[in-house]
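The next block holds one structure in the form of C-alpha cells; read it before the comments.
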Amino acid sequence: MTDVYPFNEIESKWQKLWEKNDLYRSVDFAGEKYYVLEMLPYPSGKLHMGHVRNYSIGDALARYQRMKGYNVLHPIGWDAFGLPAENAAIKHGIHPEKWTLDNIAYMKSQMRRLGFSYDWERELATCLPDYYRWNQWFFIQMFQNDLVYKKTAMVNWCDACQTVLANEQVVDGGCWRDGTPVIQKKLSQWYIRITRYAAELLADLEGLTDWPERVRVAQTNWIGRSEGANVLFAVDGTGVEIEIFTTRLDTIYGANAVFLSPAHPLVEQLLENHPRRPELARQIERMTNQVMADRTYQGTTKEGIFLERYAINPFNGERLPIWIANFILMGYGTGAIMAVPAHDQRDHEFSRKYQLPIRPVIQPPPDHPTAADDTLIYTGYGRLINSGLWTGLDSATAMDRMAEHAAANGFGKATVSYRIRDWGISRQRYWGTPIPIVYCDHCGTVPVPEAELPVLLPPLRKIDYRGGSPLLNIEEFVHAECPRCRRPARRETDTMDTFVDSSWYYLRYTNARLSGNPVEPEIVRYWFPVDIYIGGIEHATGHLIYTRFWWKMMRDLGLVTGAEPVNRLLTQGMVIKDGAKMSKSLGNIVDPDAIMKDFGADTTRLFILFASPPEKDLDWSGTDIKGCFRFLNRLYRIVRRQRRWIAAPPGPIPGPDILDERQSVLLRKTHRTIDKVSRDIDERLQFNTAIAACMELLNEMYTFEQGGIRTAHDQWVFRMVTKRLLLLAAPFVPHLAEELWHVIGEPGSVLLAEWPTADPDLLVEDSPLVEIPVMINGKLRDRILLPVEAEQEQAVADAAEIPKIRKLLQEKRIVNSVYVPGRIINFIVK
RNA sequence: GCGAAAGUGGCGGAAUUGGCAGACGCGCUAGAUUUAGGAUCUAGUACCUGAAAAGGUGUGGGGGUUCGAGUCCCCCCUUUCGCACCA
C-alpha cells in the first residue's frame, strides 16, 4: 500500500517519549482515583485478538478517565503458574520458569507496541516467590481460622493433566483445558471453606447493580440456595439415624422410601451384620463406578439397591424401606432424601420401576391433568390431604409449622442448602504455589510458620509426571523438618490451584513490591473498589466468585474494608472469525503482530473497538479494518494540509452569533459530538458509536474544507474542531492523536490535556424553525418547517395546507390530529 | 428440561425516553483525478413496481396495546450462552 500515513515512525516515536516521561505512573493518594482493571493474561506465548480487545477497551477507559482529571490506576500482570508451562517442559525440555519468563518478555513487548498505558512499576508475575509467598501466607491465615481443611473425597480427575480439577473447572463433563472426560477418584485434598460465605456471596449480588445481569444470574445459579428442612429418620432396630434434606416437608406423609447416595458414609454401617452384606457391597460398588462414569449424563435410568433395612418416618411412624439410588448426589444436601413419588418426577419414575406404593398428599388443582393420566404427577403447591393433623393446610403454612414441630421434638429443623461446594485447591503438579504444610508423625499436620515463608519451588532437574505430584519425586523437597518438634517430617507435595493466584492479584497492584505484608491497608482503601473490571464472560462463575470470596475473607482478616472489590464489571465478547472461535485447529487465527505490521497499533485498536459493542462477539473482518485505516489517513491528511494556519496564533474568539450558517453548523456538530462521545464512553461503554461519531465529525470537516477555509471565522471554527476531534480520538488512537496535536503546535501531551466539554447551548439547533415529519395514519408523507414554539392549532393547520398533504386529505374525514412539538404531526383520517 | 440473551440491508452494526428505521463502516455502482490503482475525491446504494414522478412493502412469524411500535404486552419459531437427576 502506498500513500499511507507513517504509522510505524509515529507510533515508535511516541512510545519512547511517553515511557521516558513516565506518563502512566500512578501515585498513591494523588487526587480523586479511578481504578481500571483488566483480567491478567496467561503468558501462553503471544497475545491473541481476545487480549487485544480486552486491553484496548481498558486502555481507552484509562486514557479517558485520565483526561477527565482522575488519578488513574491501570496495572497489568501475569497469571504465570499453570499447566502449559509444564507441558512445554515435557515436550521441549525447557524449564517451566524459563518458558514462562520468555513468554512474558515477548508479550510485554507486544503490549508496548500496542501502546497500552500501563504503570509497569506495578507489574507482577504470580510465579515469582515475591508473589506466591503471599498465597502461602493467606493459606496459613485460613488454616488458623478453620477456612481451609483437608479431607478425603471423590474428586474430579483429568487423566491428561494428571491432576484434580475444581467443580468450576469441569465443563460438560470434561476438563476445561483440554476436554478430556473427567473421572472420579478418591483422594485426600485441601479445601477452602467457600461455602461458609455462600449466603453472603448470594446476598451481596443484589448490590452489584453495575454487573451484567447474566453474570449475577450465573452466580445465583451456581451458589444455588434452596430453603427446606433436615429431618432425622431412625433406622429400625439400630441406633443409626439418617438425616435427609427436603424442600418439600409438606409432602412427608407421601414418603414411601428413604434414598441414600451410593457414596453415603452411613452405607457401611447399615451393612454391618447384614446377612447379604458381601453381595450388597458388590452391587453398591458397581453402582458407584457406574455413577462416576455417567456423572454428568442426565438420561441415565434410575437404579436402586434395596438394603432390606427400614427407617421410621418421624411424622407418622411409618416404616419406609431404605434404598441406595444412583441419582442421589453426595455433594448436595445431606446425600439422603425421602422419596415422595406422587409429587416428584424422579421419585415417581423410581417407584414405578420398583413398584413402590404411591400416595398423593397434595391436592392438585381441579383442571390439572393428573386426574386423567396417572403417569403424570403434580409437583406444585396446594392443600394437604392424607396428612394427619396437617391435612387442609396450604403448603407454605404446612412447611413452616411442620419444621417447627420437628424442631420442638428434636428430629429436624428448617435449613438452607447450597449447591456450591467447598473449593478444592490441591493440584498434583509442579508449576504452582507449594502448599505450606508439613506432616509430622508426632505433631500431625503442621502449617509452615510465617517466618519460614516462602516455601520455594525446588529447582526441577528431572521431569517426571507419572505417579502423583512431581514434587513427590524430589527428595530434598519432601524431606523436611517439623516446624514444631524439629524432628524429620514430610512436606506436602501438592501445589495450589492457579485460581488462588488470580483471586487477589488486583490488590497486590497497589504495592507490588511490598515485603512484610501482602498489601498495605491504607493504600488499598484509597484505590478500592475497582471502578471497572474488564474481562471474559467465561469467568462468570469461577474466577469472579473466588475473587469475591477472597475479598470477604480478607475483610474478615481486617485487611480490607467494604463488601465487594469490584464496582462495575464489563464482560467482553469473543473475537471470532468466519463464525467460529479462533483456533489453531480451524486455522482461522488472526495474529495481532501481522495486523500491526500492515496497519499499525492505532488502527488495530480502533477497529477492534469499532467493529462491535464490547459485550458482543466480534467477527473479525480483514476488509472492514480498512475503513478504520482510511479514517486515520483522512484525519492525518486534513490536519497536515491545514496545519500552517491551525498552528498560527489564534485571533480573538468570535461569539457564535456572528458565525455564518456553515460555520455554525460545524460548531454545533462539534459540540454534539463531544457530548455523544463522552456519554458513550462513560455511561454506555459503547465505543463503536463513539468512534462512529468521530467519523461523522471528520466527514463534516471535509465538507467544510470543500466549501473553502478563507475568513478568520472559517479558520477559527476549523481550528476549534480539529483540536476537539484530536482530544476525542486520543483514548482510541493515542499515537496519531499525539502526533497531530504536535503538528498543530499544541504544547504538552494530548494524553494529559483536559477532556473537552460540550456547551449545552450549542447542543440544540438555534434556528427558529424546526423540520418535523407529517404523517397520515402513522405513515410518513412529508415534512414541514415550523416555528419551534408553534401551537397545536397553527401547526396542524399549516401542515394541512402543504399541497401534498392537502391532496391526500381531500375526500377524507379527519378524525383526530396529533401534534407533539418538535417531534411529529399525525393526521388520523377515515 | 429450567434459566438468560439475541434475531434489523449483500455484510459488521446504529436507532439512548414509544415519535422520520438503516447512523458509521465495509462492499457495490457511477463520475472525477491519475501512467496505473487494491490510492484519493464526489455522488448514489433496504426491497418491489416504475423511464421518471411517485407508489407499495419492510426490523424472525402471528396477534395485541397506542394517534404512532425495531422499541411495550401475549403466543410461536430460530440461534447462542449458562445450569442441568440439586431432592
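Keep in mind it's a predicted model, so treat the numbers as computed, not measured. In what follows, every chain begins at residue 1, and chains take the letters A, B, ... in the order their sequences are listed.
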Discussion item. Expressed as a whole number of angstroms, how long is the span from A:Phe245:CZ to B:A87:C1'?
Written reply: 8 Å
Item to complete: Give A:Arg783 one of three labels, base, sugar-phosphate or nothing, depending on what nucleic acid heavy atoms sit under 4.0 Å from its own.
Response: base
Worksheet item: Per the atom types in the model, does the base of B:U16 pair as donor or acceptor with the side chain of A:Lys676 at under 3.5 Å?
Response: yes
Item to complete: Identify whether any heavy atom of A:Phe610 sits under 4.0 Å from a base atom; if not, whether one sits that close to sugar-phosphate; answer base, sugar-phosphate or nothing.
Response: base
Worksheet item: At under 4.0 Å between heavy atoms, what does A:Asn699 touch on the DNA or RNA strands: base, sugar-phosphate, or nothing?
Response: sugar-phosphate
Worksheet item: With sugar-phosphate meaning primed atoms plus P, OP1 and OP2, does A:Asp619 contact a base, only sugar-phosphate, or nothing at under 4.0 Å between heavy atoms?
Response: nothing
Worksheet item: Closest to the A:Ile828 side chain: B:A15, B:C67, B:A87?
Response: B:C67
Worksheet entry | Residue A:Arg781, side-chain heavy atoms: nucleotide from B:G56, B:A21, B:A87 that is nearest | B:G56
Discussion item. Classify A:Asn777 by what it touches in the nucleic acid, base, sugar-phosphate, or nothing, heavy-atom distance under 4.0 Å.
Written reply: nothing
Worksheet item: Touch check for A:Asn221, heavy atoms < 4.0 angstrom, all strands: base, sugar-phosphate only, or nothing?
Response: nothing
Worksheet item: Do the side-chain N or O atoms of A:Arg823 get closer than 4.0 angstrom to the phosphate oxygens (OP1, OP2) of B:U17?
Response: no
Discussion item. Just to be sure I understand the rule, does A:Ser226 reach a base, reach only the sugar-phosphate, or reach nothing, if contact means heavy atoms closer than 4.0 Å?
Written reply: sugar-phosphate
Worksheet item: Is a salt bridge present between A:Glu705 and A:Arg641, judged by a nitrogen-to-oxygen distance below 4.0 Å?
Response: yes
Worksheet item: Can A:Arg359 be said to sit on top of A:Tyr253's aromatic six-ring, NZ or CZ under 6.0 Å from centre and within 45° of the ring axis?
Response: no
Worksheet item: Say you pick atom C1' in B:U80 and the same atom in B:C85; how far apart are they, in whole Å?
Response: 25 Å
Worksheet item: Considering only the C1' atoms, how many Å lie between B:A14 and B:U59, rounded to the nearest integer?
Response: 12 Å
Worksheet item: Which is true for A:Gln706 with a 4.0 Å heavy-atom rule: it touches a base, it touches only sugar-phosphate, or it touches nothing?
Response: sugar-phosphate
Item to complete: Would you indicate which nucleotide in B:U16, B:G25, B:U40 comes nearest to any side-chain atom of A:Arg630?
Response: B:U40
